[in-house]
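Remarks on the structure that follows.
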Amino acid sequence: MTNILDELQWRGLVAQTTDEAGLREALDGTLTVYCGFDPTAASLHFGNLVQLIVLRHLQRAGHRVLVLVGGSTGLIGDPRPTSERVLKTKELTAEYVARIQAQVRPFLDFEGDNPAVVVNNLDWTAPLSALDFLREVGKHFRVNQMIRKEAIAARLESQEGISYTEFSYQLLQAMDYLHLYREFGCTLQTGGQDQWGNLTAGVDLIHRAEGGSAHVLTTPLITDENGEKYGKSAGNAVWLAGDMTSPYAFYQYWINVADSEVAKLLRVFTDRDRDQIAALEESAQERPHLREAQRALAADITTLVHGAGATAQVEAASQVLFGRGDPATVDAPTLRDATAELPGADVEDGSSVVEALVATGLADSKGAARRLIGDGGVSVNNVKVGDVDQVLGDADFLHGSVALLRRGRKHLAAARKVL
RNA sequence: GGCAGGUUGUCCGAGCGGCCAAUGGAAGCGGACUGUAAAUCCGUCGGCGUAUGCCUACGCAGGUUCGAAUCCUGCACCUGCCA
């Protein structure tokens, strides 16, 4: 059997590791790995998904997985190179922690004989006094070294500077690694490439405090062919929470990836093996119009994040919305399901198309809406709108309830009639 | 501390008393072509509006003027040269 590290490398999930030979050897046995997720928002996002995938692979390879949700680190904030963060309240952070703890569950096995464990660093950080922290943890760190970290160096250069609070962040994260090393024998921490400094700070601390050795594995930033970060849809983050990015929008995000990128993304985000991915890659080259690779990618990831039921629904909805058929011929329940996840708004019978476009968010302003219609970029129920003053009448509300507005090729919204 | 230059729309970057909602490029958005792809070409790109109309905008605060992004004063920040 090949080493899991080879598998991760083949999938493009490894940017950098400490002592690769040593790590490879450790992975031949069984180790305990952890990855931390700070509760900076009410949901994990695209970037965190990569980390969850790595943990998933490692758990399947027989390693023990600890998922750390950062109840304490989230209160402090990892310094960004650009500007100081605004502190979140303890209540809000606790709320995010609870949401994220629940959110990671589908990705890992929490039952069985090798269950993943969720830990919260607030449990061991909160009881620690400032004096003990300074004496036991702080003493192991040299400021000289800390200020060399990229994010911190950038902030020291900046007009704004950096608060003592954020400066301390790396000590907290390092302390987490030490704690998990002691309590669980954890010897591997994974994270994004930008976390390298924080991760290795933990390795150093384990070495200084315990004389032990531990590993770090970082994942590359996933970028497209232009070097742009993935995970932004129309400028907004792609969230894993269905109430923040709908399963429909999530699926659509993936179905739209470029041909040249799809094989790479299949390797990173799906469980498909080399043969399957090779076949899909070939399909993308030979029969690109079928979009088989994109469909597989979108279906696999949507299923992983939202479940098979959600995937079936959004596939059906996509079929209705992007198929060639006339939406008027779709039966009422199917239409309702297909439009359920679209952005929508309630409109009066007799409202203008312009008003409906603004109400549903397809256009930013009435002026923009008029422009779009003038450019021929708007359709109602797949029929192009030719007149800027066109209104939505009875016939436009399919099954008496909803009109399907489209801007451009792929932006849809539901205008629901107010009864 | 001294001297010089800069701060313009999402970003870069012109404008240097009226013709400026502000040249040009990028991003974005729409159209054509396609495959809900890329590339290319075309259009569009502050808000309201039927409008030759109104509002908001050229670092911040004042001032001069019939009229200022453009001139003057003060303030903040940035850059270069000298100490």
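Sequence lines set the chain letters: A, B, ... in the order given, protein chains first and strands last, and positions in each chain run from 1.
Pairing of rA68(B), defined by two Watson-Crick or G-U wobble distances under 3.5 Å, is not identified with any nucleotide. In this structure rG17(B) sits in no base pair that meets the Watson-Crick or G-U test at under 3.5 Å. Applying the Watson-Crick and G-U wobble criteria (two distances, each under 3.5 Å), rU56(B) pairs with nothing in any strand. The pairing partner recorded for rU73(B) is rA61(B), the criterion being a Watson-Crick or G-U wobble arrangement whose two distances lie under 3.5 angstrom. Across the strands present, rG49(B) finds no partner; the criterion is a Watson-Crick or G-U wobble pair with both atom distances under 3.5 angstrom. Using the Watson-Crick or G-U wobble rule with both distances under 3.5 Å, rA38(B) pairs with nothing in any strand shown. Base pairing analysis places rG43(B) opposite rC29(B); the two distances defining the Watson-Crick or G-U wobble pair are each below 3.5 Å. Pairing for rG1(B) is with rC82(B), a Watson-Crick or G-U wobble pair whose two hydrogen-bonding atom distances lie under 3.5 Å.
A close approach under 4.0 Å does occur between a side-chain nitrogen or oxygen of K366(A) and OP1 or OP2 of rG49(B). Side-chain N/O atoms of K384(A) include none lying less than 4.0 angstrom from OP1 or OP2 on rG31(B). For R287(A) and rG35(B), the shortest distance from a side-chain N or O to OP1 or OP2 is not below 4.0 Å. The side chain of R407(A) contributes an N or O atom lying less than 4.0 Å from OP1 or OP2 of rG30(B).
Using P as the reference atom, rG17(B) and rG31(B) are 43 Å apart when rounded to the nearest Å. When the P atom is used for both rC29(B) and rA39(B), the distance is 12 Å, rounded to whole Å. A gap of 48 Å separates the P atoms of rC66(B) and rA83(B), to the nearest Å. A gap of 15 Å separates the P atoms of rA68(B) and rG62(B), to the nearest Å. Straight-line distance between the C1' atoms of rC48(B) and rC3(B): roughly 49 Å, to the nearest whole Å. Taking the P atoms as reference points, rA61(B) lies 24 Å from rC54(B), given to the whole Å. Across rA14(B) and rU7(B), the matching C1' atoms stand 15 Å from one another, rounded to whole Å. When the P atom is used for both rC60(B) and rA27(B), the distance is 29 Å, rounded to whole Å.
Using a 4.0 Å heavy-atom distance criterion, I255(A) is classed as a base contact. Note on R371(A): only backbone sugar-phosphate atoms sit closer than 4.0 angstrom, heavy atoms only; bases stay farther off.
Mapping V257(A) and V358(A) onto RNA chain B by nearest heavy atom places V257(A) closer to the 5' end of the strand. Checking Y251(A) against A368(A), the closest nucleotide of RNA chain B that is more toward the 5' end is the one next to Y251(A).
Note that R406(A) lies in the cation-pi zone of F322(A), set by a 6.0 Å cut-off to the ring centre and a 45° limit from the axis.
Candidate nucleotides rA37(B), rG35(B), rC29(B) were compared by shortest atom distance to the side chain of A258(A), and rA37(B) ranks first. Ranking rG35(B), rU36(B), rC48(B) by closeness to the H289(A) side chain, first place goes to rG35(B). Distances were taken from every side-chain heavy atom of R291(A) (C-beta onward) to each of rG43(B), rG49(B), rG35(B); the shortest belongs to rG35(B). Of the listed nucleotides (rC48(B), rG30(B), rU36(B)), rC48(B) has the atom at the smallest distance from the side chain of S365(A).
Taking the centre of each ring, F46(A) and F269(A) come in below the 6.0 Å mark.
Side-chain atoms of R11(A) come within 3.5 Å of backbone atoms of T270(A) as a donor-acceptor pair (strictly under, hydrogens ignored).
Put simply, the residue from L199(A), T200(A), L217(A), T218(A) that forms a side chain to side chain contact (heavy atoms under 4.5 Å, CB included) with T18(A) is T200(A).
For a distance-only test at 3.5 Å, the side chain of Q252(A) qualifies as a donor-acceptor partner of the base of rU36(B). The base of rG35(B) is paired with the side chain of D259(A) by a donor and an acceptor separated by under 3.5 Å.
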> Passes side chain to side chain contact (heavy atoms under 4.5 Å, CB included), T219(A) versus Q193(A)? Steps please.
Replying inline: CA-CA 5 Å; T219(A) 59; Q193(A) 197 168 19; 5.9 Å; no

